[in-house]
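Report on one structure; see the data block that follows.
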There are 2 protein chains.
Amino acid sequence: MKIKKAVDALTALAQKSRLEVFRLLVPRGEEGLAAGEIAEQLTIAPATLTFHLKELCHAGLVASHREGRSIIYSLRPDGIRDLMEFLSEDCCQGQPHLCQPAMSNSCREKKAKKRPKQATTK
Amino acid sequence: MKIKKAVDALTALAQKSRLEVFRLLVPRGEEGLAAGEIAEQLTIAPATLTFHLKELCHAGLVASHREGRSIIYSLRPDGIRDLMEFLSEDCCQGQPHLCQPAMSNSCREKKAKKRPKQATTK
DNA sequence: CTATTATTTTGATAATTATAGAATTATGAA
DNA sequence: TTCATAATTCTATAATTATCAAAATAATAG
């Protein structure tokens, strides 16, 4: 991942509403969530939400597809993974302690209790 | 780490010059680098650099101290670690595969070949 | 003290970003 | 077709951000 792409991804997440959208989408997985639902849950005006979703899509963090009259937004796993990787590479340049703790606390534990299978239903 | 602080850290990194400063500081460790050196290496006007450094400091990613007439900037390990942790927590909400690869590729290897001991050569 | 070097602050400007009302497009139902 | 719903695009505006010359501050040397 080159610096330009990393800046785009960071920019996409560097805004309260967008970070909240992101966090809202994480647990939904491939299911995703309709734009309207997101707007309602976060109380953001539709036009404003569209603006933010476009940023997230452009950054490659989110994908969308139409379903009836709704448009469903969901995370693009590669997006955030690439960013995490980019940041880790940096932190690890001789300073592994910078990014290590993150993993131990959250992921490790949950991973231990069996891989959730990642449902390749796409 | 709460959302406001995370947005601050992400905002600090979501800009080409600042991300470059950050990357420049990583390998310097506690040693850090004088503002002038940073400005020269990245060819940024002094006043502009000060502006960006302030953002990085405010976000808690960087610290500074005077040394003679220079002001030395260096990474604040807690800063980036907290951000990585915040993002990991999110990614791991039932989707551990989102943040896992980051660790395996970069950190793991370097960690495997014996902890570099963190050279307290300061 | 004066001069020099290193950096910051001030202040002005250009550019970008966030916000949302109104109009528009798209889909599905009656 | 007409109606209602879901979301987007258009448009304007307010707010924030990035940039840098010029002036101000800080430290040290002579």
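Residue numbering restarts at 1 for every chain, and letters A, B, ... go by the order of the sequence lines. None of the values given here were measured: they were computed from a predicted structure.
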Rounding to an integer number of Å, can you tell me how far B:I38 CD1 sits from C:dT8 P?
9 Å

Using only side-chain N and O atoms of B:Y73, determine if any of them is under 4.0 Å from OP1 or OP2 of C:dA6.
no

About how many Å separate NZ of A:K2 and CG of A:D82, when rounded to the nearest 0.5 Å?
10.5 Å

What integer distance in Å separates A:I72:CD1 from D:dT5:C1'?
14 Å

A:Q41 side chain reached by A:L24 side chain, heavy atoms, under 4.5 Å:
yes

Between CG of B:L53 and C1' of C:dT8 the distance, given in whole Å, is 11 Å

Gap between atoms CD and C1', on A:E37 and D:dT5 respectively (whole Å)
14 Å

Does a side-chain N or O from A:T50 land closer than 4.0 Å to OP1 or OP2 of D:dT9, or not?
no

Please write out each protein N/O paired with an N/O of nucleotides 12-21 of chain D under 3.5 Å, distance rounded to 0.1 Å.
unit_1 : atom_1 : unit_2 : atom_2 : d
D:dA18 : OP1    : B:R18  : NH1    : 3.4
D:dA18 : OP1    : B:R18  : NH2    : 3.1
D:dA18 : OP2    : B:R18  : NH1    : 3.1
D:dT19 : OP2    : B:H52  : NE2    : 2.5
D:dC20 : OP2    : B:T48  : OG1    : 3.2

What's the NZ-C1' distance between A:K16 and C:dT17, to the nearest Å?
17 Å

Tell me whether the count of non-hydrogen atoms from other residues, nucleotides or ligands lying under 6.0 Å of CD in A:E40 goes above 12.
no

Evaluate the side-chain proximity of A:H58 to A:K54: yes if any heavy-atom separation is below 4.5 Å, no if none is.
no

Is there a donor-acceptor pair under 3.5 Å between the side chain of A:R18 and the backbone N or O of A:T11?
yes

Pairing of A:E85 and A:R81 as salt bridge, 4.0 angstrom limit
no

Between C:dT17 atom C1' and A:D8 atom CG, what is the distance in whole Å?
14 Å

Among A:I72, A:L49, A:I44, side-chain contact (heavy atoms from CB on, under 4.5 Å) partner for A:I38:
A:L49

Please work out if A:A34 contacts a base, only the sugar-phosphate, or nothing of the nucleic acid, heavy-atom cut-off 4.0 Å.
sugar-phosphate

Report the nucleotide, chosen from C:dT8, C:dA6, D:dA7, that has the shortest atom-to-atom distance to any side-chain atom of B:R69.
C:dA6

Taking CG from B:L42 and P from C:dT7, how many angstroms apart are they, rounded to a whole number?
13 Å

Rounded distance in Å - CD (A:E67) to P (C:dT27)
13 Å

Between C:dT4, D:dT8, C:dT8, which nucleotide gets closest to the side-chain atoms of B:P46?
C:dT8

So, is A:K54 close to the D:dT9 phosphate, meaning a side-chain N or O under 4.0 Å from OP1 or OP2?
yes

